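Just so it is clear, the structure is predicted and the values come from calculations on it, not from any experiment.
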Amino acid sequence: MLYVELLIQGLIYGCMYAMIAVGLTLVYGLLRILHVAHAGLFALGGYLGLLLTNATGSLLLSMPLAAGLVGLLGMVVYRLCYQPILDRPPYVALIASIGLFIAMEELFRLIFGPYGLTYTHAPLQQLFRFSGVTLRAVDLAIVVGSVSLLGSLAWLAKNTRTGIAWRATVDDPQMAGSFGISVLKVRYLNFFIGSALAGIGGIFISLLSNLVEPTMGGVPSYKALAIIVLGGLGNVGGTLIASLVLGVVEAFGTIFIGDYLDRDAIAFGFLILVLMIRPQGLFARS
Amino acid sequence: MKRRIEVLMLACCLVAWLINPAMAADTIKIGFHAPLTGFAASDGKSATEGATLAVKQINAAGGVLGNPLELVVYDDEAKPAQAIPIANKLIGQDKVVVGISGSYSGATRSAAGIFQEAKIPYISAYGIHPDITRAGEYVFRTSFLGHIQGKAGAKLLGEMMGKKKVVTITLQNDFGQSLAAGFEEMAPTYGIAIVGAYQYSIKDRQFGAIVAKVKADNPEAIYASGYYFTAGPLVNQLRAAGVTCPIIGQEGYDSQKFIEIAGPAAEGVIITTSLDRDSEVPETADFIREFEAQAGFKADMVAASGHTAVMVAADAIRRAGSTDSDKVLAAMKTTDLKVSTGTIRFNALGEVMKAVQVQVVKDGNWHHYAVIDDPELLAPPEK
């Protein structure tokens, strides 16, 4: 029974990682930029979701609203931070991104205070029991929410004109452009969807711990990078599987080797191990 | 015209130069560093508010030696590398009479050495690493060592509550490790069997895996170290998974914010700390009331510790009758002062000797549960 529970917890961790990492790998696939400030948008999602839920009393209303706002801000980040420096070497954008992330953390602290915020009535706290396994509604919501959101994203990418244009641009931006696809629109869409997903990820985490704090983007800022490397940079499917695998490895690792290594050390130890065997990541782009 | 401006500027400089030393002579400066930004900013803010309140109260009562106190505050971000230049600045530029750390152990340790070298008395308000006071005789601590509090936790669980089958969940930093060390040392004495021991990092907020294992261990009680921002989610997730046994924490939980984060799950959680919310001792009751009025949020252990350290510093200067550092040091060594966190006395190493307060969450607030006043168990190291 313990193993089943650990596996479930690992999948919950994995789903949360996936929500954050997908946006990051989308940006990398399209622009070859390591978008560290993505973790700042994740934290912003947590803040907006919580503030809107506290104000309206409805998570169902505030979640899409917060995700939309974070998505729009993601587009603004692209326009103001990345677009002007796209012709520079990639490390320029990386430095700008790290700077933006730190600025966002400190802004959250200045605006919302250093203590972190909590839900006045934390939603989704009902308990469910399935033959010995106790789960909170929020655990289920995370798994169902992430799977359905990421699943529909995959379906859209395969079956709609926009999705095909998007994939074409990722594969070969020049060729896509000469076929009449607006590369700029694809980039905006990319930032919107990636950021909105991260925003929802932030709300999920805030529901799990009933806490949003200025530094909540700290761990995702580097762990999501590890995940997209593991998944083969720019590969969405690989990123999803890598997220789940890493979540499960962490859940079991915390219990069985937690005395020697902390959760991050387990994650990065696993990353090093995988890269030694498969330097191109688990699922490299062909 | 140009010449006139030059003369005017020169005059301004002269006036400023004349006024400045005169002002400096008027106030007695206490140096204070705390994390006002970064991950520990909330504790830094509480500690600074507590210290500011102490200065206000002292100045309202006429100051020290006829002069008002001035608190010189710097942000150390809880980083050792920041604390070093700050300590040098406080000593060299601000010429403080006493230095106080309202920060975590790392930053406090690195500043302590510099104050010791400059022979300026220095107080760690709540930094718990044992090496802090070992910097030398000029360094004091007004809070418990983690090790001592861990021992008190073992007595609370094993003897006072009669729980013998315990799981420990330890925060992987100096605070958590030293608590665990003290707890494990005394556990056999009180007949406690540790049936599971797990660790987590200060960045963790999701404890699903540990919670699943604790459930399988089925302990009689849990001894879990952490700060309010880790303990809040931990307690919440333990209770959500159906773990109902008592949870024992420490002063890191000691904040209204813990109760807010953990929500209804916080009810019944017991901690060892330094601040008794139900105290009728005027020093404590007045502090709690005035702190809330000034800061706009409820007092916590960190705030009381910042307040205590300033009170101890002011008392030492007053009894020394001078701001001479050697005289202040001699006076500080013989401190016997009633303050918000109890009666402060120091041993030969500069470690505080006082009783441990045990608090419990009842109806969404911290309340008195017990006091552990066992001088032998709580005796801090002498060297």
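- For B:Tyr200, no part sits under 4.5 Å from any heavy atom of chain A, backbone or side chain.
- For the atom pair B:Ile259 CD1 and A:Thr118 OG1, the distance stands at 11.5 Å (nearest 0.5 Å).
- Taking the side chain as every heavy atom from C-beta outward, B:Ser42 and A:Glu213 never approach each other to under 4.5 Å.
- The minimum heavy-atom distance linking B:Ala209 with A:Ile255 is given by the pair O-CD1, 3.4 Å.
- Here A:Arg263 contributes atom CZ and B:Asp204 contributes atom CG; the two are 4.5 Å apart, rounded to the nearest 0.5 Å.
- For a residue to count as touching a neighbouring chain, one of its non-hydrogen atoms must lie under 4.5 Å from one of that chain's; by this rule A:Tyr13 touches chain B with the side chain only.
- Few gaps surround NZ on B:Lys165; more than 12 heavy atoms of other groups in view lie less than 6.0 Å from it.
- Atom CG in A:Asp139 sits 10.0 Å away from atom CD in B:Gln206 (nearest 0.5 Å).
- Chosen from A:Ile8, A:Leu208, A:Val219, A:Thr254, the residue pairing most often with chain B at heavy-atom distances under 4.5 Å is A:Leu208.
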So B:Lys215 and A:Leu2, side-chain contact (heavy atoms from CB on, under 4.5 Å) or not? Walk me through it.
-> CA-CA 9 Å; B:Lys215 245 169 80 180; A:Leu2 172 64; over 6 Å; no
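- The CD atom of A:Gln9 sits 11.0 Å away from the CD1 atom of B:Ile210 when rounded to the nearest 0.5 Å.
- Most heavy-atom pairs under 4.5 Å with chain B: of the set A:Leu135, A:Ile205, A:Thr120, this distinction falls to A:Ile205.
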Under the salt bridge (charged side-chain N to carboxylate O under 4.0 Å, His left out) rule, what do B:Lys213 and A:Glu5 come out as? Steps first, then yes or no, please.
-> CA-CA 9 Å; B:Lys213 186 70 173 64; A:Glu5 286 208 25; over 6 Å; no
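- Residue A:Leu60 qualifies as open at atom CG: its count of foreign heavy atoms under 6.0 Å is 12 or below.
- Within a 6.0 Å radius of OH in A:Tyr260, other residues, nucleotides and ligands contribute 12 heavy atoms or fewer.
- Between chain B and the options A:Gly253, A:Ala251, A:Gly10, A:Pro114, the largest number of non-hydrogen pairs under 4.5 Å is found for A:Pro114.
- The contact between B:Ala240 and chain A is made by backbone and side chain atoms together, counting heavy-atom distances below 4.5 Å.
- Between B:Leu36 and A:Arg109 there is no side-chain heavy-atom pair separated by less than 4.5 Å.
- Counting heavy atoms from C-beta on, the side chains of B:Arg205 and A:Met216 never come closer than 4.5 Å.
- The NZ atom of B:Lys203 sits 6.5 Å away from the CG atom of A:Asp262 when rounded to the nearest 0.5 Å.
- In this structure, chain A has a heavy atom under 4.5 Å from the side chain of B:Gln172, while its backbone stays farther away.
- In this structure, OH in A:Tyr115 is found 7.5 Å from CG in B:Asp43, a value given to the nearest 0.5 Å.
- At a 4.5 Å heavy-atom cutoff, B:Ala40 makes no contact with chain A through either its backbone or its side chain.
- The part of A:Gln125 that comes within reach of chain B is its side chain, from C-beta onward, which places non-hydrogen atoms under 4.5 angstrom from that chain.
- Only the side chain of A:Thr215 comes within contact range of chain B, with at least one heavy atom under 4.5 Å from a heavy atom of that chain.
- For B:Ser46, the parts lying under 4.5 angstrom from a heavy atom of chain A are both the backbone and the side chain.
- Scanning all heavy atoms of the two residues, the minimum distance from B:Ile261 to A:Asn210 falls at O-ND2, 2.8 Å.
- Counting non-hydrogen atoms of other residues, nucleotides and ligands closer than 6.0 Å to OH of A:Tyr3 gives a total of 12 or fewer.
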